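First listed ligand is number 1; within each ligand, the first listed atom is number 1. Note that these values count all heavy atoms, side chains included, but never hydrogens, waters or copies made by symmetry. Computed from a predicted model, the values in this text were never measured in an experiment.
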Amino acid sequence: MIAFESIKEVIEIRRIVIDTDIGDDIDDALAIVLALNSPELEVAGLTTVYRNTDLRTKLAMQLLQAYKRPDIPVATGIGSPLLAKTDMDSIPCQWLDEYLDTEPNCSEHAVDFLIEQVRRDPAITIAAIGPLTNIACAVMKAPDVMQQANIVMMGGMHSAHYPEWNIVCDPEAAAIVFGSGMKLTMVGLDVTLKCRLIQSDVERIKHRGKSETAFLSRLLSQWMDSSKHLPILHDPLTIAYLSHPDLLELKPKKISVECKGEFTRGMTVEHRDVFFDRPMDTNVLAAVDVRKDAFIQLFLERLL
Ligand SMILES: [Ca+2]
């Protein structure tokens, strides 16, 4: 059997920062744990975004502590969308019964943290699994630095018209990111909706019995009691793609974010030349298909 450290020596390690809205859907926590359990990935930091980011930071730190990685910095980011209205008093993570009562371990603002990470290591990947407010602000603050950034984001949909959550929460931020010229890979509902856990998968996670999974099991139980449905692995698929790119089929596309439409605000719109069935000047690599069974197997192996 090859030791974990030996594996780390022979595989190419990809450094990532995860920009997350952990605390609403359970899939952010599942995605972060998947990243921590992937020897191909080195998590250089987490940044929090959308609504009550102080609370999200506490939850992220609690999760890192459960997995014995309190050394990973968690930088708190922007709660308010650029222009969209949201209820800033609403409490995310209201399904969680307690929070870690400690000071944040990173005093740097998430936007500055992201810029600094890309400045120091342009090969780093930002895994964006929440609304794109922090990343849009980083682009506006340091466009030359962020032009080098590699963003892999969960969000949007190109095969149907639907206002996906991460885009619709801050369409203007998404429009800035899609129009920025950065290397952008979009893992949208087109593929993530195919990746659902079944009850027996959840039971295996809940009853794993390892000390580090006890906290995740508690989150999962409380979230399912509140949401009344099984997890869909939107954010974990985005993380799995970083260690196993062959899980997704990608195609270059030209995609814009609709910010004005009466019925279409927050939707991602694909531009196509319908006469010759070809994309126009492309700005995004978009996931068009997923090896679902291979992904679910990988996900469960890594979590368990
Ligand atoms: Ca998320």
| task | Can you measure from CD1 (Ile18) to CG (Leu41) and round to the nearest 0.5 angstrom? | result |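 Ile18 atom CD1 to Leu41 atom CG measures 8.0 Å (nearest 0.5 Å).
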Counting backbone and side chain alike, does [X] bring an N/O/S atom below 3.0 Å of the Ca ion (ligand 1)?
X      : answer
Asp235 : yes
Ile22  : no
Asp21  : yes
Asp28  : yes

| request: Determine, for Arg69 against Asp71, whether the closest basic-nitrogen to carboxylate-oxygen distance falls under 4.0 angstrom. | output: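 Salt bridge flag = yes for Asp71 with Arg69.
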| task | Indicate yes or no: does Asp112 engage Lys141 in a salt bridge with an N to O separation below 4.0 Å. | result |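 The answer is yes: the pair qualifies as a salt bridge.
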| What are the two closest heavy atoms between Pro39 and Ile13, and how far apart are they? |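 The pair with the smallest heavy-atom distance is O-CD1, 3.1 Å.
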